[in-house]
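Indexing begins at 1, ligand by ligand and atom by atom, following the structure's order.
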Amino acid sequence: MDISVVIPTYNEEENIPLLYNRLKSTVSDLGLSHEFIFVNDGSRDRSMQQVRQLSTQDPAVKFVDFSRNFGHQIAVTAGLDHSSGDSVVIIDADLQDPPEVIADLYKKMKEGYEVVYAKRASREGESWLKKWTAKSFYRILGKLTNIKIPVDTGDFRIVDRRVVELLKEMPEQNKYLRGQIAWMGFNQTFISYDRKERYAGETGYNYRKMFRFAIDGVTAFSDIPLKIVSYFGLIVSGFAFVVMIFALYARFILKDYEPGWTSLILSVLFIGGVQMIAIGIIGEYLSRINTNIRNRPLYIVRDSNLTKTE
Ligand code: UDP
Ligand code: MG
C-alpha cells in the first residue's frame, strides 16, 4: 500500500461525497495504491451511512466507527493505528484542507522527508477571534517549549510509516499529535496552501474544546507554567517577608500604626488569586497524570472493516 489517508469525521454527511471524489482523483492521478480511512467519531448525522455506502462501492474505503465522540486527536490516532500505507496523510473531512494539496505533499516527501506538513498561508471563513487566538497560542507555545512546533499548521500533513510506528508507541491519553511529531525530529519540512472555508456543516471545535486542546499542548511539552508558579511564589513571599518586618517594626518600635483595611483586603485578595491560579495550574497537570494512570483504552470501536496494524 502506497498511501493511507486518515479522515477524522464528526457530523460531515454533506462533505463526504465530494471529499471522496476529490481524494480519489488526486491519488489516482498520482497512480498510488491507496486506502481512505474514515474514523467516525460519534457523528449524530448520516456520516457513517455515507461511508458504509462508499465502502460497498470501493474497497479502498475503510472505516473505524467509534462507540461515541472521543475527539479529533483520538480519531486521528485510531486512523493511524489502523493504517498500512508507506505514507500516511491526515486530512480534515470538511474540505478546508483541499485534497489536491496531497499531490504536493507527496511529491515533496519523495525529495527525502519523513514529515511534510501543510502550512496555512491564508485562512478563509474563520472568525478573527479564532485566527487571533490560534496565532497567539502557537507563539506562546513556542516560547514555553524547547521543541519547534510549526506555527500556522494543523494536522494536515503527510508522514512516513516510521513516524506512524513511533506515534503508536506513545500511549499518552491527551494527544497533541503535531507536537509529538515535531518532537521526533527527522527531516521535516512544509509546503504552503490556502486554507479554505468549510464546504458544508459546522465546526466541531468550539472554544471549550479549543481551550482544552491548547492546555493539552502546553502540559504535554512544557513544565514552565509550574516553574513560573514557583518563582512567583518566591517573589511574593520575599515581598511579604519585608512587609512583615516593617509591620512589626512600626507596631512595636515606632508605635505608629493605622487600622489599614485597604492594604489588608488588597493583599488578601491578591495572594488568594495567585494561590488559586497556582493550584489550578498544578491541577491541570495532576488531572493529566490521573487520566494516564487509569490506563483506559484510548477509544472504543463499535465496528470496522479494518484491524489494527502491528
Ligand atoms: N472532528 C472529529 N471529532 C470532533 C471534532 C471534529 O473527528 O470531536 C473532525 C471533523 O470532522 C473534521 C476535523 O476533525 O474532519 C476538524 O474539525 P473541525 O472542522 O470541526 O475543526 P476546525 O476546522 O473548525 O478547527
Ligand atoms: Mg474545519
**Request:** Taking the six-membered ring for Trp and the single ring otherwise, decide whether the centroids of Phe38 and Tyr20 are under 6.0 Å apart.
**Result:** no
**Message:** For the CD atom on Glu111, are there more than 12 heavy atoms of other groups (residues, nucleotides or ligands in this structure) within a distance under 6.0 Å?
**Reply:** yes
**Prompt:** Near Lys209, which atoms of ligand 1 are under 4.0 Å from a heavy atom of that residue?
**Reply:** 4 (C), 8 (O)
**Prompt:** Measuring to the Mg ion (ligand 2), does Asp92 have an N/O/S atom at a distance below 2.8 Å?
**Reply:** no
**Prompt:** Taking the six-membered ring for Trp, is the centroid-to-centroid distance between Phe70 and Tyr299 below 6.0 Å?
**Reply:** no
**Message:** Would you say that Thr77 contacts Val39 through its side chain, given a criterion of any heavy-atom pair below 4.5 Å between the two side chains?
**Reply:** no
**Request:** Run through Leu105, Ile181, Ile191 and flag the one making a side chain to side chain contact (heavy atoms under 4.5 Å, CB included) with Arg157.
**Result:** Ile181
**Request:** Could you check whether the rings of Tyr176 and Phe213 sit parallel, tilted or perpendicular, using 30° and 60° as the cut-offs?
**Result:** tilted
**Asked** Within less than 2.8 Å of the Mg ion (ligand 2), any N, O or S from Thr203?
**Response** no
**Message:** Contact between ligand 1 and Arg198 is defined here as a heavy atom of the residue under 4.0 Å from a ligand atom; is it met?
**Reply:** yes
**Complete:** Restricting to heavy atoms, the pick from Asp41, Asn15, Val39 nearest atom 7 (O) of ligand 1 would be Asp41
**Asked** Of all the non-hydrogen atoms in the protein, which one sits nearest to atom 25 (O) of ligand 1, and at what distance?
**Response** Lys130 NZ, 3.0 Å
**Request:** Could you establish whether Arg195 and ligand 1 come within less than 4.0 Å of each other, counting only heavy atoms on the residue side?
**Result:** yes
**Item:** Min N/O separation Glu202 to ligand 1 under 3.5 Å
**Value:** no
**Message:** Please list the nearest protein heavy atom to atom 23 (O) of ligand 1 with its residue and the distance rounded to 0.1 Å.
**Reply:** Gln96 OE1, 2.6 Å
**Fill in**
In ligand 1, the atoms that come under 4.0 Å of a heavy atom of Asn69 are 3 (N), 4 (C), 8 (O)
**Neighbour count above 12 (heavy atom, 6.0 Å) for Phe186 CZ** = yes
**Request:** Verify the distance criterion only: is there a donor paired with an acceptor across the side chains of Thr309 and Lys168 at less than 3.5 Å?
**Result:** yes
**Item:** Pairwise distance NE2(His82) to CD(Glu35) - rounded to 0.5 angstrom
**Value:** 10.5 Å
**Prompt:** Which is the closest N/O/S atom of Asp94 when seen from the Mg ion (ligand 2)?
**Reply:** OD2
**Prompt:** For ligand 1, which part of Met210 has a heavy atom less than 4.0 Å away: the side chain, the backbone, both, or neither?
**Reply:** neither
**Fill in**
Looking only at protein heavy atoms, what sits closest to atom 6 (C) of ligand 1 is Tyr10 CB, 3.9 Å
**Complete:** Closest to atom 9 (C) of ligand 1 among protein heavy atoms sits Pro8 O, 3.6 Å
**Message:** As an exercise, identify every atom of ligand 1 less than 4.0 angstrom from a heavy atom of Ala93.
**Reply:** 12 (C), 15 (O)
**Prompt:** What protein heavy atom is closest to atom 14 (O) of ligand 1, reported as residue, atom name and distance in Å?
**Reply:** His72 CD2, 3.0 Å
**Request:** Establish, from distance only, whether the side-chain atoms of Thr219 and Arg288 form a donor-acceptor pair under 3.5 Å.
**Result:** yes
**Prompt:** Does a donor on one side chain sit under 3.5 Å from an acceptor on the other, for Ser122 and Asp194?
**Reply:** yes
**Request:** Give the residue, atom name and distance (to 0.1 Å) of the protein heavy atom nearest atom 12 (C) of ligand 1.
**Result:** Glu12 OE2, 3.4 Å
**Prompt:** Looking at His72 versus Tyr205, is the centre-to-centre ring distance below 6.0 Å?
**Reply:** yes
**Request:** Would you mind finding which of Thr203, Asp92, Asp94, Asn206 brings a heavy atom closest to atom 24 (O) of ligand 1?
**Result:** Thr203
**Which residue and heavy atom of the protein sit nearest atom 17 (O) of ligand 1, plus the separation** = Tyr205 CD1, 3.9 Å
**Prompt:** Taking N or O atoms only and a 3.5 Å limit, does Gly204 qualify as a polar contact for ligand 1?
**Reply:** yes
**Message:** For the residue pair Asn40 / Ser43, report whether a side-chain donor-acceptor contact shorter than 3.5 Å exists.
**Reply:** yes
**Message:** Gly71 versus ligand 1: do any nitrogen or oxygen atoms come within less than 3.5 Å of each other?
**Reply:** no
